[in-house]
Amino acid sequence: MPEGHTVHRLARTFDALYSGQVLRVSSPQGRFADGAGVLDGRRLVASEAWGKQLFLGFVPDGAPADVSDAQVPGVTCGSDTLWLRTHLGLYGAWTFAGAPDAPEVAHAIGAPRRRIGERDLVPSSSDVSDPQVPRGTSTSDTWEVPEPRGQVRVRLLGAHAVADLTGPTACEVITADEKKAVEARLGPDPIRDDGDPADFVARVGRSRVTIGQQLMDQAVVAGVGNIYRAEVLFRAGVDPLRPGRDVPAATVRAIWDDLVVLMRDGAEHGAIVTTRPEDRGAGQAGADDAGPVPDVGRGRTRQNTDGSPGAVPSDQAFYVYHRDGLPCRVCGTPVLVKELAGRNLFWCGVCQT
DNA sequence: TTGGAATGGACAA
DNA sequence: TGTCCCTTCCAAT
């Protein structure tokens, strides 16, 4: 998936697209027909991420849309607030399309696959700045809403945009209390302002489970996935197989601080980049002797980038993730890979001790 | 046409 | 620990 930075980006996208609007909610695929029926015609008043969980808050149309209260984390919304909780899992993705006047947003956010519908953001009229359509007045009557493509579990249709969810691991309507219960099971989120490093440090320090596994445990820290796990441990110089309790607290705290920087940057730019400029491209350790970097046939990692010029190429974005067999960017030794708890773990046996 | 892979996680034993 | 689920894309048949 889509690690936590992606979900925060989604929350911002939904806020920009739909906040305060009454939405049409449907389930083209049919598997979420009941939930869609419950939410259809309600007003979106909150869009919040915690780790990899996305929560969209809906109130009945006509109820006071107390957006400010609803968006404060931890504040209990009115009893008539219902939340759409979604989790993308390994394959899930949101795909967006919008009217010419829609706020500029991402096209598709989610699983590492081709961005279906990317071009759909361009209005079918191909006239982006049609002066006949005053900004802010467009409705679904004035633009062409694309047909759902693939197995669309839920579709959210607003005044000037549509969002389709495919392949989620979770998609359900819950109450405010149930939302709290979900959040209670999650560890602190480095992207959230309320993320508490002390929780993370304490939890890691009292377990002999390896630090590599603990970083993937959403109850220890929310939002970290396989890429951030591998990369942050490399940057800290910590062996993923070390028991958490054997990693000095100061080092664990430094890992948290690094996650805050890396993940917030990821949420901002839509791509995970962990390499420092001096460690990218030619001139890195091992490059001279190794000649051209061998193509091992992997690493086709795609990111949900914002496509901005000057973006770091995906093959230079990581130190160790999906780089097994390639020379470490710092010391030149081949990067290692091993399956740990069902997931591939990548690390440098020399730089990480 | 098939099957492996992908940045996850819930659940049972 | 193993099994299953969610869906799509692309390399290999």
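Letters go in sequence order (proteins before strands), and every chain restarts at 1.
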Could you check which of [options] has an atom nearest any side-chain atom of [X]?
X	options	value
His322(A)	dT8(C), dA6(B), dG9(B)	dA6(B)
Arg153(A)	dT7(C), dA6(B), dG9(B)	dT7(C)
Arg31(A)	dT7(C), dG9(B), dA6(B)	dT7(C)

Verify the contact: side-chain N or O of [X] to OP1 or OP2 of [N], cut-off strictly under 4.0 Å; return yes or no.
X	N	answer
Gln151(A)	dT8(C)	no
Arg149(A)	dT8(C)	no
Gln29(A)	dT7(C)	yes

### Query
When you compare dA13(B) with dC5(C), how far apart are their P atoms, in angstrom units rounded to a whole number?
15 Å
Distance in angstrom units between [X] [atom1] and [N] [atom2], rounded:
X	N	atom1	atom2	result
Glu339(A)	dT3(C)	CD	P	13 Å
Leu186(A)	dG9(B)	CG	P	9 Å
Glu3(A)	dA6(B)	CD	P	14 Å
Gln214(A)	dG9(B)	CD	C1'	17 Å
Leu90(A)	dG4(B)	CG	P	16 Å
Leu88(A)	dA10(B)	CG	P	14 Å
Phe346(A)	dA5(B)	CZ	C1'	11 Å
Gln213(A)	dG9(B)	CD	C1'	15 Å

### Query
In terms of side-chain geometry, is the basic nitrogen of Arg42(A) or Asp80(A) positioned less than 4.0 Å from the acidic oxygen of its partner?
no
### Query
Do the charged groups of Glu48(A) and Lys179(A) touch, with an N to O distance under 4.0 Å?
yes
### Task
Let me know which of Leu17(A), Leu39(A), Val162(A), Leu56(A) forms a side-chain contact (heavy atoms from CB on, under 4.5 Å) with Leu156(A).
Leu56(A)
### Task
Give the other cluster members for Leu345(A), using side-chain heavy-atom distances under 4.5 Å between Ile, Leu, Val, Met, Phe, Trp and Tyr residues; answer none if it is isolated.
Leu241(A), Leu336(A), Leu340(A), Trp347(A)
### Query
Base, sugar-phosphate, or nothing for Gly150(A), non-hydrogen atoms under 4.0 angstrom?
sugar-phosphate
### Query
Can you list every pair that meets salt bridge (Lys or Arg N to Asp or Glu O under 4.0 Å) and has a residue in residues 231-254 of chain A, with sequence neighbours left out?
Arg235(A)-Asp258(A), Arg253(A)-Asp257(A)
